Number of protein chains: 2
Amino acid sequence: MPRNALSREQIVQAAIALLDSEGADGLSMRRLGSRLGTTGAAVYWHVEGKEEILLLATDAVWRDMPLPDPEGIGWRTAATTMANDLYAMLLRHPWLVRTMPLRSPWGPARTHHDDHLLSVYEAAGFTGSEAEQATRTVLTFVLGTALDSAPDAALTRRAVCKDGEPLAPTGQDVHRNLAFGLGAILDGLQSRLPTRS
Amino acid sequence: MPRNALSREQIVQAAIALLDSEGADGLSMRRLGSRLGTTGAAVYWHVEGKEEILLLATDAVWRDMPLPDPEGIGWRTAATTMANDLYAMLLRHPWLVRTMPLRSPWGPARTHHDDHLLSVYEAAGFTGSEAEQATRTVLTFVLGTALDSAPDAALTRRAVCKDGEPLAPTGQDVHRNLAFGLGAILDGLQSRLPTRS
DNA sequence: ACCTGAACACCGTTCAAGT
DNA sequence: ACCTGAACACCGTTCAAGT
């Protein structure tokens, strides 16, 4: 008899909760199963495997990204807002920086976000592959910044400073650098705009 | 009787070879041990655990990075060269992008590299925290670019294009974007130089 | 149709015991 | 001092068997 205890949507939500609270390594099929009141093997009836769960969880999170309209606020404000929102999302779900490297396949939400971001740079005046490259440059920088500040690091940090010098950047440093670097990048991009109005 | 079959240096080199050929998930203590002619448990006598091996392997790779002198070639050429070299290194050792997120502790080779990179931006005219931020901006962008092109992705890509549209960037795209983005960033940074000579 | 239990082939790590 | 073997507590995944 079908008990319908599990559904794809429940599995994905439970996976996200587990990843957020336990980190990238905290997600295991058995733990996910027990969190849903069943066994790890039960999950396999609804889902292909762990990889698909990560795929679904990743795209579910992308769905929450706001997509500001460049009309009215200007392309630069829109670009800055989207970069900050993306960074905030990556901080909220640190496991994303490990699941991001996949060039493909992206889910529909990720694709939708990227399309919108591209339209922002097209609104700025970039065309064709230049718009794509501008988009990718900013996206890449934000992703790299999040990677830098990920508490979810593959290696745990031990003794931080042996000589009293704060060699390693703090979360503060990284965050301040987002504003600085983004400003510099947008300046550089702006100076390459083909025609000014 | 000590057979001295193992040494720290041998372990690290074997680990790098294993990571390069099998990917980030290819390194296991047992495989490492058997590659060295012993058992996995034997490694634990020479090394604290897997984490330390990753730490040592990471810093060993950083030692191979060339450190060009900005004198003569100019800061911008030096900065570009270092960025390209870093990207090339990350492509050679894709597992590095998973071991990089650690803000600390860095090994001596990584620290030495960062010091040199900082000096390049100081030679350009940046001072204090601005030099640090410029350094971190470029470093972050290169790291993000490598993350984008990592074949070592956490999730394997399956069906690439369902509708015939090449949504996902190819390795070519990512590589071309390194030059574009780096140029834009350096332009943006250059325009922020406090005093021009 | 949906789930359980046990199994397979792996992990990192520990630790008594050997030499 | 250096290594082995077996063990512990985990993994992802499969699959017969239950209901």
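Since the model is a prediction, treat every value here as computed from it, not as a measurement. Numbered from 1 within each chain, the chains take letters A, B, ... in sequence-line order. Values below: all heavy atoms of this structure, side chains included; hydrogens, waters and symmetry mates excluded.
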**Student:** Can you tell me the pairing partner of D/dT4 across any strand shown, Watson-Crick or G-U wobble, with both distances under 3.5 angstrom?
**Tutor:** C/dA16
**Student:** Using whole Å, what does the distance between atom P of nucleotide C/dC2 and atom CG of A/Leu36 come to?
**Tutor:** 15 Å
**Student:** Taking atom C1' of C/dA9 as reference, at what distance in whole Å does atom CE of A/Met29 sit?
**Tutor:** 17 Å
**Student:** Provide the Watson-Crick or G-U wobble partner of C/dA9, both distances under 3.5 Å; none if there is no partner.
**Tutor:** none
**Student:** Find the distance B/Trp45:CH2 to C/dG12:P and express it as a whole number of Å.
**Tutor:** 21 Å
**Student:** Quick one: is D/dC3 close enough that its OP1 or OP2 comes under 4.0 Å of any side-chain N or O from B/His46?
**Tutor:** yes
**Student:** Starting at CD1 of B/Ile11 and ending at C1' of D/dC3, how long is that distance when rounded to a whole Å?
**Tutor:** 12 Å
**Student:** Let me know, please, whether A/Gly37 or B/Gly26 comes out on the 5' side of the other along DNA chain C by nearest nucleotide.
**Tutor:** A/Gly37
**Student:** Which nucleotide in the set D/dC3, C/dT4, D/dG12 lies at the smallest distance from any side-chain heavy atom of A/Tyr44?
**Tutor:** D/dG12
**Student:** So A/Gly49, base contact, sugar-phosphate only, or nothing? Heavy-atom distance under 4.0 Å.
**Tutor:** sugar-phosphate
**Student:** Can you tell me the distance, in whole Å, between the CD atom of A/Gln10 and the C1' atom of C/dC2?
**Tutor:** 14 Å
**Student:** Starting at NZ of B/Lys50 and ending at P of C/dT13, how long is that distance when rounded to a whole Å?
**Tutor:** 8 Å
**Student:** Tell me: CG of A/Leu32 to P of D/dG12, nearest whole Å?
**Tutor:** 9 Å
**Student:** Salt bridge between B/Glu52 and B/Arg8, side-chain N to carboxylate O under 4.0 Å?
**Tutor:** yes
**Student:** Rounded to whole angstroms, how far apart are CD on B/Glu51 and P on C/dT13?
**Tutor:** 8 Å
**Student:** Given C/dT4, is OP1 or OP2 found less than 4.0 Å from the side-chain N or O atoms of A/Thr39?
**Tutor:** no
**Student:** Name the orientation class of the two ring planes belonging to A/Tyr87 and A/His175 (parallel below 30°, tilted from 30 to 60°, perpendicular beyond 60°).
**Tutor:** tilted
**Student:** Classify the ring geometry of A/Tyr121 against A/Phe126: parallel below 30°, tilted from 30° to 60°, perpendicular beyond 60°.
**Tutor:** tilted
**Student:** Any N or O donor-acceptor pair linking the side chain of B/Arg30 to the base of C/dC10 at under 3.5 Å?
**Tutor:** no
**Student:** In terms of side-chain heavy atoms, does A/Asp25 have a donor or acceptor partner in A/Trp95 at a distance below 3.5 Å?
**Tutor:** no
**Student:** Answer yes or no: does a side-chain N or O of A/Arg31 lie under 4.0 Å from OP1 or OP2 of D/dC10?
**Tutor:** no
**Student:** Salt-bridge test for B/Asp187 and B/Arg76: reply yes if a basic N is under 4.0 Å from a carboxylate O, no otherwise.
**Tutor:** yes
**Student:** Can you tell me if B/Thr38 touches the phosphate of D/dC3, counting only side-chain N or O atoms and a distance under 4.0 Å to OP1 or OP2?
**Tutor:** no
